[in-house]
There are 2 protein chains.
Amino acid sequence: MSQRDFVSADEVAQRAGVSRSAVSRAFTPGASVSEATRQKVLQAAEELGYQVNHLARGLMRNESGIVCLIVSDVATPYRSALLRELTLHLQLAGKVAMLINTDRSDGSVNKALQQAIRYRADASVILSGLPDKSITQLCLRSGQRLVLINRDEDQSGPLHINLDDREAAARVVTAFVRAGCTRLAFANSEAGTPSLMAREQGFIAAAREQGLDVVVERHGWTGYEAGQIVAQRLLTRKERPDAVFCATDLLACGFMDAARHQFSLSIPQQLCVVGFDDIEQASWSSYRLTTFSQPVTVIAREAVTWLSESGIAEGRSLTLQADLVWRETIRGG
Amino acid sequence: MSQRDFVSADEVAQRAGVSRSAVSRAFTPGASVSEATRQKVLQAAEELGYQVNHLARGLMRNESGIVCLIVSDVATPYRSALLRELTLHLQLAGKVAMLINTDRSDGSVNKALQQAIRYRADASVILSGLPDKSITQLCLRSGQRLVLINRDEDQSGPLHINLDDREAAARVVTAFVRAGCTRLAFANSEAGTPSLMAREQGFIAAAREQGLDVVVERHGWTGYEAGQIVAQRLLTRKERPDAVFCATDLLACGFMDAARHQFSLSIPQQLCVVGFDDIEQASWSSYRLTTFSQPVTVIAREAVTWLSESGIAEGRSLTLQADLVWRETIRGG
DNA sequence: GCAGCATTTGCACACGCTTGCAAAAAGCGC
DNA sequence: GCGCTTTTTGCAAGCGTGTGCAAATGCTGC
């Protein structure tokens with residue numbers, strides 16, 4: 001390392017002609033300092049370019065101001081949108097985000113949580129994967145807060161934020177039926193995350209209530225290519241589906257592109273499609289996809305207010321509704 | 001705050017029946033500990049769920065392991081891809097990423113850098129905006145490393161990583177001319193960042209060498225909608241362009257969608273389009289956009305190796321080439 | 001000027017860790 | 001066993017900050 005030499009409170013104190021405690025107090029809202037000395041301190045700090053050392057402050061206050069965001073596939077539209085909202089709200093709350101990228105294994109989530117502990121993060125938000133119970137217990141025992149987004153599995157202690165995927169899926173069935181569709185299909189990936197599976201199961205259950213069967217096809221990881229592959233499989237069946245619910249907008253985009261360009265199907269005339277997430281691309285005029293919008297802003301707001309509230313925070317479970325935004329990939333509406 | 005109570009090295013020492021220094025050394029690679037005690041320590045740590053406090057370690061070692069990533073518009077495809085690569089490489093190098101979201105103002109970049117100083121980040125990587133020189137000087141003086149990506153303005157001290165935008169732009173002109181295009185246009189946003197302007201100017205200059213004029217249209221911020229608006233303006237001219245270089249893939253997507261769906265133009269038969277960035281959507285079969293791929297992996301690797309190399313790091317300037325990936329929005333090739 | 005009170009200030013300890021230094025232990029050759 | 005060298009260990013100081021406590025200062029009303 002090169003010689004590192006940040007200016008410390010001592011130097012500021014010396015320059016301002018006060019004690020070091022005065023400096024500390026000048027930077028602590030509500031501390032007991034006269035306006036006169038506070039000004040002297042602030043000016044000296046300004047001149048020297050002093051910034052409070054948050055490592056040391058965190059050590060003393062036992063509160064680092066750091067919140068870990070644990071997520072895989074950051075570069076995905078929905079994930080990055082959620083990330084944007086979270087960091088934004090965190091910054092507004094005076095916290096700072098530490099970003100940890102995981103692969104799709106649960107092991108890497110465990111490692112990420114350990115990193116969160118090492119930096120004494122005030123809280124961790126888990127957007128992907130599911131950590132071992134022993135690790136989450138360790139976090140909670142250490143007084144670190146935990147937010148699980150769309151992770152389903154309920155344990156007391158953390159804040160759980162989930163969408164009502166089953167209810168959404170049921171609405172899709174209704175819309176398809178109303179559009180006169182009879183051959184329903186569900187396009188999914190093999191990721192098997194709680195929310196994806198809930199959508200699938202909710203869709204099948206609601207269809208059955210209408211006396212309809214559902215063809216399910218799953219492939220790979222939840223992305224554009226998977227959508228194309230699944231389209232390949234679904235659209236070559238003798239009984240070609242006339243309505244497809246895609247577990248994800250990304251899947252839907254791949255699916256629609258394949259349907260149009262390889263199978264020359266027109267949407268929604270010959271094929272209705274609904275997605276989930278309302279990523280930006282869903283509104284592009286090549287897609288105009290009818291889909292459910294994830295309330296990312298609400299999710300972020302709820303998460304941040306919960307994890308930054310003072311006192312001990314009770315574990316809670318929050319279920320939000322996803323709004324169906326109607327565009328043009330489904331007849332009627 | 002709830003009662004926070006992380007297990008400390010003392011507790012581990014006590015359980016393992018050794019001194020606190022031994023615990024510290026057991027967690028310091030290359031420190032002087034016998035294998036026997038190290039094992040005792042590691043086991044005790046395991047049992048208690050101990051994790052080294054990196055705030056305290058950072059305080060002592062004068063090296064926090066934190067690297068700040070300063071970026072606006074995280075949710076944008078290119079930015080999030082770069083972010084993914086950076087966090088990935090940082091983690092491989094044993095660092096951890098602190099993510100700071102800025103709006104498009106330079107002021108917010110300054111604030112972000114101050115935050116980086118507060119957490120005593122080992123380095124900061126700036127992906128958007130340009131901080132005041134006084135702040136960057138403060139960073140350097142404090143021994144914090146700085147990486148500026150596509151920020152152009154050269155100052156000694158930081159590592160600068162730039163693309164050869166002008167050269168790329170010249171290649172586009174060549175390709176357009178070879179495709180028989182004569183009415184060239186450039187679609188840009190009003191953001192005016194160095195790389196966007198370099199592409200614009202390089203394009204104009206290269207066209208002039210071929211004796212061709214360029215119509216330039218700029219609108220709003222660099223996104224999909226801007227591309228649509230710019231298309232509106234360019235495609236209603238009496239002399240309709242037959243080749244458009246879009247400063248960004250996102251612009252190109254909006255542009256193409258407008259060209260096709262509102263103006264019923266076919267690409268590349270009636271209109272050639274080239275983008276920049278090679279975002280994922282550029283390869284989607286609705287676009288199949290010919291574009292330049294940003295070497296995000298190389299950028300991330302170079303940045304991380306530079307900022308984590310020991311000794312004092314000389315400021316450097318690195319110029320990379322963007323590869324032209326040929327798809328189907330330009331005739332010939 | 002003085003007693004009585006509220007406000008401000010500095011001292012010193014604590015936070016959890018690393019590391020130089022000297023003492024203790026271990027290994028080695030005889 | 002003894003002197004020697006090498007390895008391991010514990011002590012204690014220090015990193016930069018926050019904060020309780022007691023001393024000091026300022027203010028008020030007489």
Side-chain angles (χ1 to χ4, degrees), chain A residues 1 3-41 44-45 48-66 117-122 142-144, chain B residues 1 3-41 44-45 48-66 117-122 142-144:
Chain A
M1 267 292 130
Q3 75 293 357
R4 298 165 61 67
D5 183 28
F6 293 92
V7 357
S8 74
D10 283 290
E11 306 178 47
V12 177
Q14 202 161 355
R15 183 178 190 105
V18 298
S19 78
R20 220 210 52 241
S21 339
V23 176
S24 179
R25 285 192 252 259
F27 284 96
T28 305
S32 167
V33 216
S34 71
E35 192 53 28
T37 54
R38 129 163 288 180
Q39 285 307 327
K40 273 193 296 184
V41 169
L48 293 172
Y50 170 73
Q51 298 288 140
V52 177
N53 185 334
H54 273 48
L55 302 183
R57 168 178 282 190
L59 203 53
M60 267 303 297
R61 287 227 182 122
N62 207 15
E63 185 182 346
S64 62
I66 297 174
I117 295 184
R118 287 194 207 104
Y119 279 96
R120 298 303 188 257
D122 296 339
S142 308
Q144 189 181 81
Chain B
M1 266 295 132
Q3 75 290 0
R4 297 166 62 65
D5 182 30
F6 293 90
V7 357
S8 74
D10 284 290
E11 306 178 47
V12 177
Q14 201 161 358
R15 183 178 190 105
V18 297
S19 76
R20 212 189 43 254
S21 340
V23 177
S24 179
R25 284 192 254 258
F27 284 97
T28 304
S32 168
V33 216
S34 70
E35 193 53 29
T37 54
R38 131 163 286 180
Q39 285 307 329
K40 273 194 295 184
V41 169
L48 293 172
Y50 170 75
Q51 298 289 139
V52 178
N53 185 333
H54 272 51
L55 302 182
R57 166 177 282 189
L59 202 53
M60 265 305 296
R61 289 231 181 119
N62 207 16
E63 186 181 346
S64 62
I66 296 173
I117 295 184
R118 287 193 207 104
Y119 279 96
R120 298 302 188 257
D122 296 339
S142 308
Q144 189 182 80

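In the text below, chain A, chain B and the rest are named by the order of the sequence lines, each starting its count at 1. Because only heavy atoms are used, hydrogens play no part in the values below, and waters and symmetry mates are left out as well, while side chains stay in.
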Counting side-chain heavy atoms from C-beta on, which of [options] comes nearest to [X]?
| X | options | result |
| --- | --- | --- |
| A:Ser8 | D:dT19, C:dT19, D:dG16 | D:dG16 |
| B:Arg57 | C:dC17, D:dG18, D:dC11 | C:dC17 |
| B:Arg61 | C:dA12, D:dT17, C:dT18 | C:dT18 |
| A:Ser19 | C:dG16, C:dG10, C:dA14 | C:dG10 |
| A:Asn53 | D:dG10, C:dC17, D:dT17 | D:dT17 |
| B:Arg120 | C:dT19, D:dT17, C:dG10 | D:dT17 |
| B:Arg25 | D:dT17, C:dG10, D:dC11 | D:dC11 |

Find the distance [X]:[atom1] to [N]:[atom2] and express it as a whole number of Å.
| X | N | atom1 | atom2 | value |
| --- | --- | --- | --- | --- |
| B:Glu35 | D:dT8 | CD | P | 10 Å |
| A:Asp5 | D:dG16 | CG | P | 9 Å |
| B:Tyr119 | D:dG16 | OH | C1' | 15 Å |
| B:Gln14 | D:dG10 | CD | P | 13 Å |
| A:Asp10 | D:dT17 | CG | P | 8 Å |
| A:Glu63 | C:dA14 | CD | C1' | 17 Å |
| B:Arg4 | C:dC15 | CZ | C1' | 13 Å |
| A:Leu59 | D:dT19 | CG | P | 13 Å |

* Pairing residues for B:Phe6 by the ring-ring contact (aromatic ring centres under 6.0 Å, His included) criterion, not counting sequence neighbours ->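 Applying ring-ring contact (aromatic ring centres under 6.0 Å, His included) to B:Phe6 gives none.
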* Do A:Ser34 and A:Thr37 have side-chain N/O donor and acceptor atoms under 3.5 Å apart? ->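 Note: A:Ser34 and A:Thr37 side chains meet the donor-acceptor criterion.
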* Asked: Of B:Thr37 and B:Met60, whose closest DNA chain D nucleotide lies nearer the 5' terminus?
  -> B:Thr37
* Asked: Between B:Arg38 and A:Arg20, which has a closest nucleotide on DNA chain D that is more 5'?
  ->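 The residue closer to the strand's 5' end, by nearest nucleotide, is B:Arg38.
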* Asked: Under 3.5 Å, side chain of A:Gln144 to main-chain N/O of A:Ala121, donor-acceptor pair present?
  ->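 Present.
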* Just by modelled atom types, is the A:Asn53 backbone N or O under 3.5 Å from a matching donor or acceptor in the B:Arg118 side chain? ->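 Between the backbone of A:Asn53 and the side chain of B:Arg118 there is no qualifying donor-acceptor contact (under 3.5 Å).
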Quick one: label [X] by what it contacts on the DNA or RNA (base, sugar-phosphate, nothing), any heavy atom closer than 4.0 Å.
| X | answer |
| --- | --- |
| A:Phe27 | nothing |
| B:Val33 | sugar-phosphate |
| B:Ser34 | sugar-phosphate |

* If you count the non-hydrogen atoms of other residues, nucleotides and ligands that lie under 6.0 Å from CD in B:Gln14, is the total more than 12? ->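 Open.
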